[in-house]
Protein chains: 2
Amino acid sequence: MSRTSRRRAVLEHPAPEEIDLFDVLHALSDPTRMTIVRTLSTEPERACGTFPVDVAPSTLSHHFKVLREAGLIHQREEANRRLTTLRAAELDERFPGMLTAVLGAYERSPGAR
Amino acid sequence: MSRTSRRRAVLEHPAPEEIDLFDVLHALSDPTRMTIVRTLSTEPERACGTFPVDVAPSTLSHHFKVLREAGLIHQREEANRRLTTLRAAELDERFPGMLTAVLGAYERSPGAR
DNA sequence: CTCCATGTTCGACAATCATCGAATAAGTGT
DNA sequence: ACACTTATTCGATGATTGTCGAACATGGAG
């Protein structure tokens with residue numbers, strides 16, 4: 001029995017100073033991932049399966065990995081679920097005002113709400 | 001003899017309200033294109049061949065097309081050259097503060113200057 | 001008219017990407 | 001034990017992407 005419960009591998013999160021701008025922009029250039037980020041921007045924490053996106057579970061898993069490795073989200077294990085938060089403060093420390101501006105732009109997009 | 005001089009096809013530029021956020025983010029997620037945009041943000045107008053990027057002419061042409069169709073740049077013909085400007089005002093009208101924030105983030109990136 | 005400079009279009013190519021289904025893993029509840 | 005829920009990993013697939021070289025088009029200079 002392992003003392004620290006983990007689903008599979010240890011979740012890797014880049015340090016704030018390691019976050020790459022191009023990875024972030026690429027991550028945000030996909031509608032499904034943008035929906036995830038937008039949803040997280042208004043709610044503190046959320047389980048993977050509860051996002052308003054319409055893709056297969058395996059596809060969703062892929063998008064979470066992209067977002068996590070880009071430094072946009074943080075994920076932690078809790079029992080059966082994986083809880084996700086937006087790394088808003090760290091993102092804002094690294095790239096001040098950028099995430100806010102992009103999310104604001106998304107709200108102006110057709111079909112964003 | 002055509003009265004209006006044009007190189008090949010007519011240059012298509014999306015109207016401000018047609019500019020798609022995901023196209024913009026995707027366009028900015030490439031280092032070469034980001035360099036082009038950054039360069040244009042400090043200079044009013046520039047010919048295609050004068051950008052500090054190290055790619056083949058045909059590749060450069062491709063990147064300009066991506067940027068133009070995303071609505072980030074405007075291009076006009078002048079004699080032999082194609083002069084490019086950043087659509088900063090229109091971008092800011094469509095997505096207030098976003099371009100500025102992204103360019104600011106780029107300045108904070110390693111090797112941006 | 002003939003070079004030359006500027007920049008595009010066309011194909012090709014390898015790499016990356018978003019997507020899915022099937023199999024797997026781990027925790028919860030009966 | 002067993003079933004159920006949650007979510008991942010793996011492999012495949014078709015689409016998109018960044019890159020280049022070769023050919024072409026256009027305008028100016030000699």
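Chain identifiers are assigned alphabetically (A, B, ...) following the order of the sequence lines, protein sequences preceding nucleic acid strands; residue numbering begins at 1 within each chain.
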Asker: Let's see if you can work this out: which of dG7(C), dT8(D), dT26(D) has an atom nearest to the side-chain heavy atoms of R82(B)?
Answerer: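 Nearest listed nucleotide: dG7(C).
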
Asker: I need a per-nucleotide contact map over nucleotides 13-19 of chain C, read 5' to 3'. Cutoff is protein heavy atoms under 4.0 Å; write B for the base, S for backbone only, - otherwise.
Answerer: ----SSB

Asker: Output the rounded distance in Å from CZ (F22(B)) to C1' (dT16(D)).
Answerer: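 Taking atom C1' of dT16(D) as the reference, CZ of F22(B) is at 17 Å.
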
Asker: Looking at side-chain heavy atoms only, is the closest gap between V37(A) and Y106(A) below 4.5 Å?
Answerer: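 SC-SC contact between V37(A) and Y106(A) ruled out.
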
Asker: Give the rounded distance in Å between these two atoms: CG of L67(B) and P of dG7(C).
Answerer: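 Taking atom P of dG7(C) as the reference, CG of L67(B) is at 15 Å.
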
Asker: Does V53(B) reach the side chain of L60(B), with side-chain heavy atoms less than 4.5 Å apart?
Answerer: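 Yes, their side chains come closer than 4.5 Å.
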
Asker: Less than 4.5 Å apart, any side-chain heavy atom of E69(A) and any of H13(A)?
Answerer: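 In short, these two side chains do not touch, never coming nearer than 4.5 Å.
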
Asker: Does anything in residues 39-49 of chain A reach DNA chain D, meaning a heavy atom under 4.0 Å, and if so which residues?
Answerer: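 Residues of residues 39-49 of chain A that come under 4.0 Å of DNA chain D are, in numerical order, A47(A), C48(A), G49(A).
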
Asker: If you measure only the distance, is there a donor-acceptor pair under 3.5 Å linking the side chains of H63(A) and R33(A)?
Answerer: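 A pair is found: one side chain offers a donor N or O, the other an acceptor, under 3.5 Å apart.
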
Asker: So H26(A) and D30(B), side chain to side chain contact (heavy atoms under 4.5 Å, CB included) or not? Walk me through it.
Answerer: CA-CA 8 Å; H26(A) 170 250; D30(B) 178 86; over 6 Å; no

Asker: Any non-hydrogen side-chain atom of M98(B) less than 4.5 Å from a side-chain atom of V24(B)?
Answerer: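 With C-beta onward as the side chain, the pair touches.
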
Asker: If we count only N and O atoms by modelled type, under 3.5 Å, do the side chains of Q75(B) and T84(B) hold a donor and an acceptor together?
Answerer: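 Note: Q75(B) and T84(B) side chains meet the donor-acceptor criterion.
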
Asker: Is R46(A) positioned over the aromatic face of F51(A), cation under 6.0 angstrom from the ring centre and no more than 45 degrees off axis?
Answerer: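 Here R46(A) passes the 6.0 Å and 45° test against F51(A).
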
Asker: What integer distance in Å separates R81(A):CZ from dT5(D):P?
Answerer: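 Nearest whole value for this atom pair: 15 Å.
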
Asker: Whole Å only: how far is the CD atom of E77(B) from the P atom of dT26(D)?
Answerer: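 Distance check: E77(B) CD to dT26(D) P gives 11 Å.
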
Asker: What's the CZ-P distance between F64(B) and dG18(D), to the nearest Å?
Answerer: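 Whole-Å distance recorded here is 15 Å.
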
Asker: Using whole Å, what does the distance between atom C1' of nucleotide dT9(C) and atom CZ of R68(B) come to?
Answerer: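 Answer to the nearest Å: 12 Å.
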
Asker: For E69(B) and dG18(D), give me the distance from atom CD to atom P, rounded to whole Å.
Answerer: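 The distance from CD of E69(B) to P of dG18(D) comes to 12 Å, rounded to the nearest Å.
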
Asker: In whole angstrom, give the distance that lies between atom CG of N80(A) and atom P of dT30(C).
Answerer: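 That distance rounds to 14 Å.
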
Asker: Does E77(A) form a side chain to side chain contact (heavy atoms under 4.5 Å, CB included) with L11(A)? I'd like the steps, not just the answer.
Answerer: CA-CA 9 Å; E77(A) 309 279 351; L11(A) 293 174; 3.9 Å; yes

